[in-house]
Amino acid sequence: MARLKKEIVPVAEIKGSVRVPGDKSISHRAAMLGALAEGTTVIEGFLVADDCLHTLKCLWHLGVPVRVEEAATQEGRQEHGSARVTIEGKCLSGLQEPEKVLDAGNSGTTMRLLSGILAGQSFTSFMSGDESLCRRPMDRITVPLRKMGAQIIGRQGGKYAPLAITGGNLHALYYRLPLASAQVKSALLLAGLYAPGWTVVLEPGSSRNHTELMLKAFGAELEASGKGTEKEVAVKGFPTLKAQRVLVPGDLSSAAFLLVAALIAPHGKLTIKSVGLNPTRDGIIEALQAMGAKLRITEKQKIAGELIGTVEVESSSLKGISLGGAMIPRLIDEIPVLAVAALFAEGVTEIRDAAELKVKESNRLAAIAEGLSRMGGRIEELPDGLRISGGHALKGVSCRSFGDHRIAMALAVAALGAQGKTVLEGAEAVNVSFPGFWQLLEELKGGE
Ligand code: S3P
């Protein structure tokens with residue numbers, strides 16, 4: 001694919017009241033559970049971005065009728081990257097053997113969660129993805145799914161995709177995750193739907209719990225409890241899942257880029273409506289407030305167990321903070337843009353316990369450290385995090401996205417606050433999670 005080069009010039013003003021596209025994690029899960037349910041699931045605000053479209057295509061190849069309708073409109077405005085999606089559920093037993101290799105593209109969530117479902121099918125499926133995805137660790141799912149009885153072959157003994165999965169006849173598992181991971185936990189819970197009795201997953205910390213909330217909403221028997229920092233989730237096999245109408249909130253992970261852009265702009269005042277604020281995901285709100293951000297949450301409500309609200313921010317003087325431990329899974333995807341905020345803060349910010357960032361869509365510790373250092377930022381890569389010394393002016397340069405959507409958007413936000421023009425190579429990467437990003441940024445610069 002041709003690499004898109006984007007020129008970004010500094011701006012003094014980021015103003016407006018907007019919505020961001022639907023939550024990526026929730027969109028994937030709604031499509032998958034809709035496929036396994038009885039009846040027609042309607043998903044409002046589904047994220048129409050590359051990652052979630054890969055999930056829909058995989059489901060379609062598994063024999064699930066999927067329809068993407070017109071983009072939803074809110075208050076007369078065209079929504080950026082959200083649509084209504086209808087899924088004709090096939091129940092737990094109605095998926096068909098795919099004739100083609102399932103392509104998960106760049107999406108770890110598609111590959112890992114779908115592996116859990118495929119482990120429950122008595123047929124054989126092949127699944128692959130792009131270069132980045134084929135470099136990411138899959139043994140974290142292949143090892144426990146094999147323990148449940150699935151036969152899985154992958155490169156290097158099942159460590160990497162492409163994967164071949166022949167499932168069926170699973171047995172329940174009691175499994176302690178070596179690290180907090182929502183994708184692994186979810187893969188095992190989805191496989192647990194196909195195992196008689198209770199499948200139990202223990203996590204050393206709390207990763208996002210969208211799968212648990214949605215399984216309950218679709219009618220599965222599920223119990224979640226906490227033992228100190230350890231969390232336990234149990235799901236009972238062979239439920240009858242009932243189709244739902246799912247309302248997907250805006251993605252806080254996408255909103256985070258705009259929030260930081262407004263916070264560091266000399267004249268920033270931004271409202272983002274209907275954003276997901278699930279407490280397992282809202283670490284960025286807490287971190288920005290600890291840095292001194294003028295940030296308010298209003299209009300809070302709960303829909304199907306998911307907390308949703310409006311986030312308002314304005315330009316703020318930020319200060320450095322230290323982050324680590326249980327906070328990290330709550331803001332893991334926001335660390336690249338948090339590093340940008342830290343460069344505009346007084347003092348030092350240290351982020352530890354975040355070695356997982358090395359195995360995301362890119363090595364995010366290395367990628368963000370390289371990009372921001374090129375701009376003149378004082379940022380040091382640590383074995384498990386970043387040390388950032390803020391308060392030093394950034395300059396516009398040539399930099400690259402490493403094909404990673406969140407690196408592209410974090411560098412774009414930094415470029416808005418730099419002196420001079422930045423040229424970002426690989427700017428098309430934003431389409432993975434936030435297709436309207438460039439357009440929305442233009443609108444906010446105009447203060448609409
Ligand atoms: C996701 C879980 C997280 C996150 C990823 C999306 C999900 O990864 O980083 O972008 O939708 O379940 P982990 O599996 O490491 O928690």
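Atoms within each ligand, like the ligands themselves, are counted from 1 in listed order. Just so we're clear, the structure is a prediction, and the values are computed from it rather than from any experiment.
At under 3.5 Å, not a single nitrogen or oxygen of Arg140, backbone or side chain, sits near a nitrogen or oxygen of ligand 1. For ligand 1, the polar-atom distance check against Ala182 finds a nitrogen or oxygen pair separated by under 3.5 Å. Between Lys24 and ligand 1, not a single N/O pair is under 3.5 Å apart. Of the polar atoms of Ser207, none of the N or O atoms is found under 3.5 Å from an N or O of ligand 1, judged by distance alone. Checking only distances, Glu361 never comes within under 3.5 Å of ligand 1, N or O to N or O. Residue-to-ligand polar distances place Gln183 within reach of ligand 1: an N/O pair is separated by less than 3.5 Å.
Close approach of ligand 1 to Lys360 is summarised as follows: ligand atoms under 4.0 Å from at least one heavy atom of the residue are 3 (C), 4 (C), 8 (O), 9 (O), 13 (P), 15 (O).
With respect to Val64, the side chain to side chain contact (heavy atoms under 4.5 Å, CB included) criterion is satisfied by exactly one of Lys90, Gln96, Glu88: Lys90.
Side chains of Ile43 and Val248 form a contact here, defined as non-hydrogen atoms less than 4.5 Å apart. Two residues are said to be in side-chain contact when any heavy atoms from C-beta on lie closer than 4.5 Å; Leu188 and Ile141 fail this criterion. Under the 4.5 Å side-chain criterion, counting only non-hydrogen atoms from C-beta, Arg245 is in contact with Leu247. With contacts defined as side-chain heavy-atom distances shorter than 4.5 Å, the pair Phe402/Glu370 qualifies.
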